[in-house]
Structures are given as C-alpha cells and as structure tokens.
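Structure record follows, encoded as structure tokens.
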Amino acid sequence: MNKYLTFFFVLAFGVSVSAQSLVVSGDTLITGDPNVQLKSYLTIANQSNKTIDVRCRIIPISNTGTSNPTPAEFSFCWGGVCYGSGIDTSGQLATLTSGQFVVYPDLPAHSGYYDAFGLSSTGKIEYCFYDDANPTDETCFTVTFIAVTGIEENTTNK
C-alpha cells in the first residue's frame with residue numbers, strides 16, 4: 001500500500017509541475033530623473049528543446065503618475081517593433097531557437113519604458129513572455145520604475 005501511495009504522490013507531483021520554456025532576467029527596480037525616459041532591458045532565454053515564437057504582453061500594476069497633468073505612461077519594444085501607451089500585447093513575434101537568448105541591443109530584444117513627463121511618480125508593471133502556439137507557457141517579470149526629482153540625503157553633524 002505504501003508503494004502505491006508513493007507512486008501516486010510522485011505521479012501527481014510530476015504532472016502538476018510544468019517546466020516553462022522561457023527564463024526572464026533583469027533589474028526589478030529602475031530609478032531616475034522624471035525628465036528622462038526610464039528604461040528597462042530584460043534578457044529572455046529559451047530553455048526548451050524546440051524553437052518557439054515568443055510574444056510579449058504587459059500588465060500595468062500601478063502608476064502614481066496617472067493623476068499628473070500629463071499622465072505617466074508605459075511603453076515597450078519587442079521583436080523589433082515598439083508599442084506606445086495603450087498597447088498591451090506585441091503584434092510582432094521574436095523567434096527563439098533552443099538555448100537562444102536575446103538581450104538589448106539585439107533587434108528583437110525587450111526594452112520597457114516609463115515616461116513621467118517631468119513629475120515625480122512611480123510605476124509598476126509586469127512583462128509577460130509566452131509561446132504564441134501555447135499561451136499557457138508563460139513567464140512574467142515585474143519591474144518597478146521610480147522617477148524622482150531629487151534624492152534627499154540624511155546627514156548627521158559630528
């Protein structure tokens with residue numbers, strides 16, 4: 001009986017764990033001057049044993065700059081095409097062979113942007129990359145942008 005329970009547990013665990021084809025890495029926090037477009041560059045690697053067509057989708061999580069006179073915006077580039085604010089899924093695919101990775105400044109590589117238009121704000125966004133033939137094979141990565149006009153330093157007099 002114990003052997004059957006162990007077999008069932010291993011089988012159930014093995015079926016529930018699915019390996020993802022893509023690995024995403026990069027900086028999770030980007031800070032800078034709100035007068036300059038903040039930029040994030042992610043590395044996307046295909047760890048599967050097949051060639052896959054990869055699409056990028058963004059999910060804005062928060063944006064304190066939406067109440068600014070000119071609202072802060074997210075935009076991104078993927079597969080050699082750039083997408084402005086309001087576009088959440090790339091129309092272009094990037095084809096990655098087994099073991100291949102793309103990183104900026106490679107043409108199909110990912111770059112994400114946050115425009116604060118001169119005002120302090122923060123934005124958090126999730127970049128999701130998935131196999132176009134199997135959208136459930138998805139890997140997401142969250143980046144926080146902080147646009148600040150100045151950094152206060154705490155100093156003590158000795």
Side-chain angles (χ1 to χ4, degrees), residues 14-153:
V15 170
S16 67
V17 174
S18 60
Q20 293 176 305
S21 298
L22 301 168
V23 174
V24 181
S25 60
D27 291 330
T28 59
L29 179 63
I30 308 295
T31 60
D33 185 332
N35 294 299
V36 178
Q37 186 181 59
L38 302 183
K39 300 171 182 139
S40 167
Y41 303 112
L42 300 178
T43 300
I44 294 80
N46 176 4
Q47 67 178 5
S48 75
N49 60 1
K50 63 180 181 169
T51 297
I52 57 176
D53 291 324
V54 181
R55 198 175 295 273
C56 178
R57 177 172 57 94
I58 64 168
I59 303 168
I61 297 169
S62 64
N63 183 354
T64 66
T66 56
S67 61
N68 292 346
T70 302
E73 297 178 342
F74 294 108
S75 57
F76 70 103
C77 300
W78 177 249
V81 177
C82 293
Y83 303 92
S85 177
I87 305 295
D88 65 357
T89 304
S90 66
Q92 187 65 33
L93 303 168
T95 302
L96 300 178
T97 59
S98 177
Q100 181 183 2
F101 67 93
V102 291
V103 64
Y104 185 83
D106 295 343
L107 181 61
H110 175 270
S111 52
Y113 304 97
Y114 184 71
D115 287 304
F117 300 109
L119 298 170
S120 293
S121 61
T122 61
K124 187 180 229 181
I125 190 164
E126 188 172 55
Y127 297 103
C128 297
F129 301 88
Y130 61 93
D131 180 351
D132 193 52
N134 180 12
T136 61
D137 186 3
E138 174 179 73
T139 302
C140 297
F141 192 89
T142 302
V143 176
T144 301
F145 294 94
I146 300 176
V148 291
T149 54
I151 299 174
E152 295 181 22
E153 290 185 29

Main-chain N/O of [Y] paired to [X] side chain as donor or acceptor, under 3.5 Å:
{"X": "Thr97", "Y": "Thr51", "value": "no"}
{"X": "Asp27", "Y": "Ser40", "value": "no"}
{"X": "Asp115", "Y": "Phe117", "value": "no"}
{"X": "Gln47", "Y": "Gln20", "value": "yes"}
{"X": "Ser120", "Y": "Thr149", "value": "yes"}

Report the relative orientation of the aromatic rings in Tyr127 and His110; use parallel for angles under 30°, tilted for 30 to 60°, perpendicular for over 60°.
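Taking His110 first and then Tyr127, their aromatic rings stand perpendicular (interplane angle over 60°).
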Is the Phe145 ring parallel, tilted or perpendicular to the Tyr114 ring (thresholds 30°, 60°)?
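The arrangement is parallel - the two ring planes meet at less than 30°.
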I'd like to know whether Cys140 forms a disulfide bond (SG atoms under 2.5 Å apart) with Cys128, so could you lay out the CA-CA distance, the side-chain angles of the two residues, the decisive distance to 0.1 Å, and finally the verdict.
CA-CA 4 Å; Cys140 297; Cys128 297; 2.1 Å; yes
Of all heavy-atom pairs between [X] and [Y], which one has the smallest distance, and what is that distance?
{"X": "Phe129", "Y": "Cys56", "value": "CE2-SG, 3.6 Å"}
{"X": "Ala116", "Y": "Ala72", "value": "CA-CB, 4.0 Å"}
{"X": "Pro71", "Y": "Pro69", "value": "CD-O, 3.6 Å"}
{"X": "Val102", "Y": "Pro108", "value": "CG1-CG, 3.9 Å"}
{"X": "Phe141", "Y": "Ser25", "value": "CE1-CA, 4.0 Å"}
{"X": "Ile44", "Y": "Leu22", "value": "CG2-CD2, 4.1 Å"}

For residues 44-56, pull every pair meeting salt bridge (Lys or Arg N to Asp or Glu O under 4.0 Å), keeping only residues two or more places apart or in separate chains.
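Every salt bridge (Lys or Arg N to Asp or Glu O under 4.0 Å) pair that includes a residue of residues 44-56, provided the two are not neighbours, is Lys50-Asp131, Arg55-Asp132.
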Quick one: list whatever passes side chain to side chain contact (heavy atoms under 4.5 Å, CB included) with Ser21, sequence neighbours left out.
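Asn46, Ser48, Ile52, Asp137.
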Working to the nearest 0.5 angstrom, can you tell me the gap between [X] [atom1] and [Y] [atom2]?
{"X": "Asn68", "Y": "Glu73", "atom1": "CG", "atom2": "CD", "answer": "11.0 Å"}
{"X": "Thr70", "Y": "Leu119", "atom1": "OG1", "atom2": "CG", "answer": "7.5 Å"}
{"X": "Phe101", "Y": "Leu96", "atom1": "CZ", "atom2": "CG", "answer": "11.0 Å"}

Output yes when Arg57 and Glu138 qualify as a salt bridge under the 4.0 Å nitrogen-oxygen rule, no when they do not.
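Salt bridge present between Arg57 and Glu138.
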I'd like to know whether Lys124 forms a side-chain contact (heavy atoms from CB on, under 4.5 Å) with Thr142, so could you lay out the CA-CA distance, the side-chain angles of the two residues, the decisive distance to 0.1 Å, and finally the verdict.
CA-CA 7 Å; Lys124 187 180 229 181; Thr142 302; 3.8 Å; yes
Suppose the criterion is side-chain hydrogen bond (donor to acceptor under 3.5 Å, both in side chains): which pairs have a residue in residues 75-94, not counting sequence neighbours?
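Residue pairs with at least one partner in residues 75-94: there are none.
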Shorter than 2.5 angstrom, is that how the SG atoms of Cys77 and Cys82 come out?
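Disulfide present: SG-SG distance under 2.5 Å.
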